[in-house]
Colleague: 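I am attaching a structure below and will ask some questions about it afterwards.
The basis for the numbers below is simple: all heavy atoms, side chains too, and nothing from hydrogens, waters or symmetry mates.
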Amino acid sequence: PILTDFEKWRTLSVPITLSYFGDTGLFGSDGVGFIFSARNSDSSGGLEPWKLTFSGTTPSVSRIANVRSGDDSSDPQDFTLYNGRVYFSAETDDFGRELYSTDGNSVILSMDVLRGTGSGNPFDLTVVGSTLYFIGVTDIVGGNRQVEIVAFTGTQSTISVNAPGS
């Protein structure tokens with residue numbers, strides 16, 4: 001019941017991409033929380049990462065960061081827990097759509113997949129063992145985007161996968 005009535009807090013509009021991260025230590029001793037993208041209920045600011053935490057049974061909702069300043073959305077997507085942080089893709093004017101992470105209190109750019117203002121467009125974030133994998137654009141050669149599987153362990157490494165006959 002309390003999870004369905006976000007307007008009760010008068011903080012958010014409709015939340016999207018709700019992801020549960022309980023029992024991770026990410027949210028303090030209670031260890032219960034959700035990270036999701038939403039915008040302010042007054043429509044100021046765009047879609048940004050938010051968190052819902054509980055102290056006992058009392059909920060608390062707050063925006064983690066305004067990743068893309070102003071009223072534009074960073075549109076965070078693909079929230080995935082890896083090495084004690086939640087990784088996701090988000091978009092800014094300076095870097096395009098790239099890989100970001102949060103500890104639940106602040107957000108950092110974790111990897112500029114396609115260096116510069118072009119978008120690396122990381123998606124399908126998946127953890128296997130001790131590595132975070134995703135698909136992303138790592139280079140543009142002759143106008144063609146190099147789409148590769150990226151293995152992230154704190155630094156970038158890529159696994160090239162070419163379609164048969166290419």
Side-chain angles (χ1 to χ4, degrees), residues 11-28 31 33-40 43-53 60-161:
T11 310
L12 307 172
S13 65
V14 178
I16 21 186
T17 63
L18 183 68
S19 300
Y20 173 67
F21 297 103
D23 302 325
T24 62
L26 194 63
F27 298 105
F34 295 83
I35 292 183
F36 55 95
S37 60
R39 68 180 76 237
N40 291 328
S43 295
S44 66
L47 289 170
E48 297 295 343
W50 289 71
K51 66 181 176 180
L52 167 65
T53 57
S60 173
V61 176
S62 59
R63 184 172 67 185
I64 299 170
N66 188 14
V67 178
R68 188 174 200 174
S69 60
D71 288 337
D72 290 333
S73 294
S74 70
D75 191 21
Q77 301 173 4
D78 263 343
F79 296 111
T80 304
L81 182 65
Y82 172 67
N83 276 352
R85 296 184 66 84
V86 175
Y87 286 78
F88 57 95
S89 71
E91 187 168 352
T92 66
D93 295 329
D94 293 334
F95 297 102
R97 179 165 292 281
E98 298 296 348
L99 184 67
Y100 288 81
S101 68
T102 181
D103 60 1
N105 298 305
S106 63
V107 171
I108 61 169
L109 174 65
S110 295
M111 184 172 159
D112 188 2
V113 182
L114 180 61
R115 307 263 179 209
T117 58
S119 292
N121 292 318
F123 67 96
D124 285 344
L125 281 66
T126 305
V127 176
V128 178
S130 60
T131 304
L132 173 65
Y133 293 94
F134 57 89
I135 299 170
V137 177
T138 58
D139 201 0
I140 299 177
V141 178
N144 296 316
R145 298 174 355 158
Q146 300 269 151
V147 178
E148 299 179 295
I149 297 173
V150 179
F152 178 82
T153 57
T155 58
Q156 177 178 355
S157 59
T158 58
I159 303 167
S160 296
V161 178

Colleague: Compare every heavy atom of Lys51 with every heavy atom of Asn105, then report the nearest pair and how far apart it is.
Modeller: OD1-NZ, 3.3 Å
Colleague: Tell me which one of Asp93, Thr92, Asp94 satisfies side chain to side chain donor-acceptor pair (under 3.5 Å) with Arg68.
Modeller: Asp93
Colleague: If we only count heavy atoms from C-beta on, is the Pro122 to Asp78 side-chain gap below 4.5 Å?
Modeller: no
Colleague: Could you go step by step and tell me if Tyr100 and Leu109 meet the side chain to side chain contact (heavy atoms under 4.5 Å, CB included) rule?
Modeller: CA-CA 4 Å; Tyr100 288 81; Leu109 174 65; 3.6 Å; yes
Colleague: Among residues at least two apart in sequence or on other chains, which ones pass side-chain contact (heavy atoms from CB on, under 4.5 Å) with Asn83?
Modeller: none
Colleague: Using the ring of each side chain (for Trp, its six-membered ring), is Phe88 parallel, tilted or perpendicular to Phe79, with breaks at 30° and 60°?
Modeller: tilted
Colleague: Hey, what do you get for CD1 (Ile149) to OG1 (Thr138), rounding to the nearest 0.5 Å?
Modeller: 11.5 Å
Colleague: Closest approach of Leu47 and Ser73, non-hydrogen atoms and distance?
Modeller: N-OG, 2.7 Å
Colleague: Going by heavy atoms in the side chains, are Leu125 and Leu99 under 4.5 Å from each other?
Modeller: yes
Colleague: Decide yes or no for Thr126 and Thr80: does some side-chain heavy atom of the first lie under 4.5 Å from some side-chain heavy atom of the second?
Modeller: no
Colleague: Quick one: does Leu81's side chain get under 4.5 Å of Val127's, heavy atoms only?
Modeller: no
Colleague: Do the side chains of Met111 and Val150 get nearer than 4.5 Å, heavy atoms only?
Modeller: yes
Colleague: Taking all heavy atoms of Ala65 and all of Pro49, pick out the closest pair and write down the distance.
Modeller: O-CD, 3.6 Å
Colleague: Show your working on side chain to side chain contact (heavy atoms under 4.5 Å, CB included) between Arg145 and Asn121 and close with a plain yes or no.
Modeller: CA-CA 11 Å; Arg145 298 174 355 158; Asn121 292 318; 3.8 Å; yes
Colleague: In sequence, state the C-alpha distance, the side-chain angles, and the governing distance for Arg97 and Asp75, and then conclude on salt bridge (Lys or Arg N to Asp or Glu O under 4.0 Å).
Modeller: CA-CA 9 Å; Arg97 179 165 292 281; Asp75 191 21; 3.5 Å; yes
Colleague: Does Glu48 use its side chain to pair, donor to acceptor, with the backbone of Ile64 at less than 3.5 Å?
Modeller: no
Colleague: My understanding is that only residues two or more places apart in sequence, or in another chain, count here; which of them pass side-chain contact (heavy atoms from CB on, under 4.5 Å) with Asp139?
Modeller: Val141, Gln146
Colleague: Determine, stepwise, if the pair Arg85 / Ile108 fulfils side chain to side chain contact (heavy atoms under 4.5 Å, CB included).
Modeller: CA-CA 10 Å; Arg85 296 184 66 84; Ile108 61 169; 3.5 Å; yes
Colleague: Can you name the closest pair of heavy atoms from Leu114 and Glu98 and give their distance?
Modeller: O-OE2, 3.3 Å
Colleague: Test ring pair (Phe, Tyr, Trp, His ring centres under 6.0 Å) on Tyr87 and Phe152 and set out the steps.
Modeller: CA-CA 11 Å; Tyr87 286 78; Phe152 178 82; 5.6 Å; yes
